[in-house]
Amino acid sequence: MYAVKPGQSIQRALDEAGPGARIVLEEGVYEETVWIRHDDVCLRGAGRGKTVLVPGGDVLPDIPKLHDADAGVVSGISACGVTGVRISGLTVRGFTGAGIYAHTVSGVSVREVEAVDNAVWGVYLRESSGCEVVECRASGAQYGGIALSFCPGARGEITGNEVFRNAFGIFVDNSSQARVLRNACRHNAIGVMLLNQVYEGEPEGGVRDCLVAGNQVFANTLASGVQPDGLGAAGPPISGVGLALIGTHRVSVVDNRIHDNHPSGESVMGAAFTIGSSKDWGGDDALDNHILWNQVTGNGPLDFQFGCDLDRQTIWGNRADKGDPVDAKGWNP
């Protein structure tokens, strides 16, 4: 085990320890960018708000660059092409890329981490598997607070997190086998979004066999996709949405509380809970989803809006006041 104090180099400790490193960061502020480039590394701080990583110092010239970002964009902690990465008990603040960025990592765990005001993403796990983001706090990202992107066999768990002031609180982007459980998603443009949309030059897409359960999704009122450099600048306008399933297959949405979500600007989605197709963007229709025992109330302009074949969904035991279609089965006031 290596213990690192403020003023000492986290990067040097990681590189000297090599594979299997156990790095313990003492309380304080660390001004550097970190690259985890060995297998089976554990990086543990003294706790959120106690161990704080902020920009500063030299950046390794060959550090993995954030996907689809300019070369000068820098993330706080990066890992690429390794296995068994564990990060816990610290705050990552103010980077121009992501707070934590993992690409093609097998087995990545992020626990009790705070990602604050990182310009593009909070915690961004891409093309990885065995993904876990638990009891974290993510805020102030231009895109997702917590995101799984193109993880076809993510076997992911996003549990017990708090996400706010992002374009997307939790974003499951072309990733499957994810469990989104007991999170608090508030004051974003959209609280939780599961999106099947294939982009040119990107891996195969799809969102399948996921569970979204026990979440509190409320007061999502920000507007994204409006200003050229603002929240969600690359996407369409979205505002006031709690939960959206777009082109998903076999996703179960169970016992969520979706309330008091209201748009503050233009939005391509007209309700707090939306199910729709992504065929026009290379995806698919929403098929074989299960919508059970959710409470969707107090939202505007609508509680739910479904642009899908309702005969291909299982909808039962939910509560809502107003929706489209008005005669949708499985909803009670």
ILVMFWY cluster, [X] and [Y] together (side-chain gap under 4.5 Å):
X	Y	value
Y2	L25	yes
V123	V41	yes
W121	V110	no
W35	L90	yes
V172	Y124	no

I'd like to know whether [atom1] of [X] has more than 12 heavy-atom contacts from other residues, nucleotides or ligands below 6.0 angstrom.
X	atom1	value
R22	CZ	yes
E16	CD	yes
D62	CG	yes
R257	CZ	yes

How many angstroms lie between atom [atom1] of [X] and atom [atom2] of [Y], to the nearest 0.5 angstrom?
X	Y	atom1	atom2	value
Q295	N332	CD	CG	11.5 Å
I100	I87	CD1	CD1	4.5 Å
S75	N118	OG	CG	8.0 Å
T297	F304	OG1	CZ	12.5 Å
L53	T91	CG	OG1	9.5 Å
L66	R126	CG	CZ	9.0 Å

Do any N or O atoms from the side chain of [X] and from the backbone of [Y] form a donor-acceptor pair under 3.5 angstrom?
X	Y	result
N294	N256	yes
D324	Q305	no
N166	G144	no
D321	P333	no
T51	E26	yes
S128	T104	yes
N220	G242	no
S224	L231	no
S175	L148	yes
S239	L222	yes

*Dump the intermediate steps for side-chain contact (heavy atoms from CB on, under 4.5 Å) on T83 and D40, then the final yes or no.*
CA-CA 6 Å; T83 64; D40 300 318; 4.3 Å; yes
*Quick one: do the D285 and S277 side chains pair a donor with an acceptor below 3.5 Å?*
yes
*No-hydrogen, no-angle side-chain donor-acceptor test under 3.5 Å, S78 and R37*: no
Less than 4.5 Å apart, side chain to side chain, heavy atoms only: is that true for [X] and [Y]?
X	Y	answer
N261	V241	no
Y101	I63	no
H290	W316	no
K65	V73	no
V163	N183	no
L211	V180	no
P6	V29	no
T33	L60	no

How close do [X] and [Y] get, counting heavy atoms only, and between which atoms?
X	Y	result
R93	V52	NH1-CG1, 3.5 Å
A272	N299	CB-CG, 3.3 Å
A286	I275	CB-CG2, 3.5 Å
Q313	D288	OE1-N, 3.7 Å
N289	V251	OD1-N, 3.0 Å
V108	A102	CG2-CB, 4.2 Å

Looking at [Y] and [X], is there a salt bridge between them, counting it only when a charged N and a carboxylate O are closer than 4.0 Å?
X	Y	value
R165	D117	yes
R111	E132	yes
R12	E32	no

*What class does the angle between the rings of F306 and F273 fall in, given that below 30° is parallel, 30 to 60° is tilted and above 60° is perpendicular?*
perpendicular
*Classify the ring geometry between F171 and F168 as parallel (under 30°), tilted (30 to 60°) or perpendicular (over 60°).*
tilted
_Pair N196-N174, side-chain contact (heavy atoms from CB on, under 4.5 Å): steps then yes or no_ = CA-CA 5 Å; N196 165 17; N174 290 284; 3.6 Å; yes
_side chain to side chain contact (heavy atoms under 4.5 Å, CB included) partner of V105, the single match among D39, V82, L125_ = V82
*After noting the C-alpha distance and the side-chain angles of L14 and H38, does the key distance pass the side-chain contact (heavy atoms from CB on, under 4.5 Å) rule?*
CA-CA 8 Å; L14 284 167; H38 295 109; 5.8 Å; no
*Worked check of side-chain contact (heavy atoms from CB on, under 4.5 Å) between I77 and I36*: CA-CA 7 Å; I77 301 173; I36 297 174; 3.9 Å; yes
*Checking side-chain hydrogen bond (donor to acceptor under 3.5 Å, both in side chains) against D284, which of Q197, H249, K279 comes through?*
H249
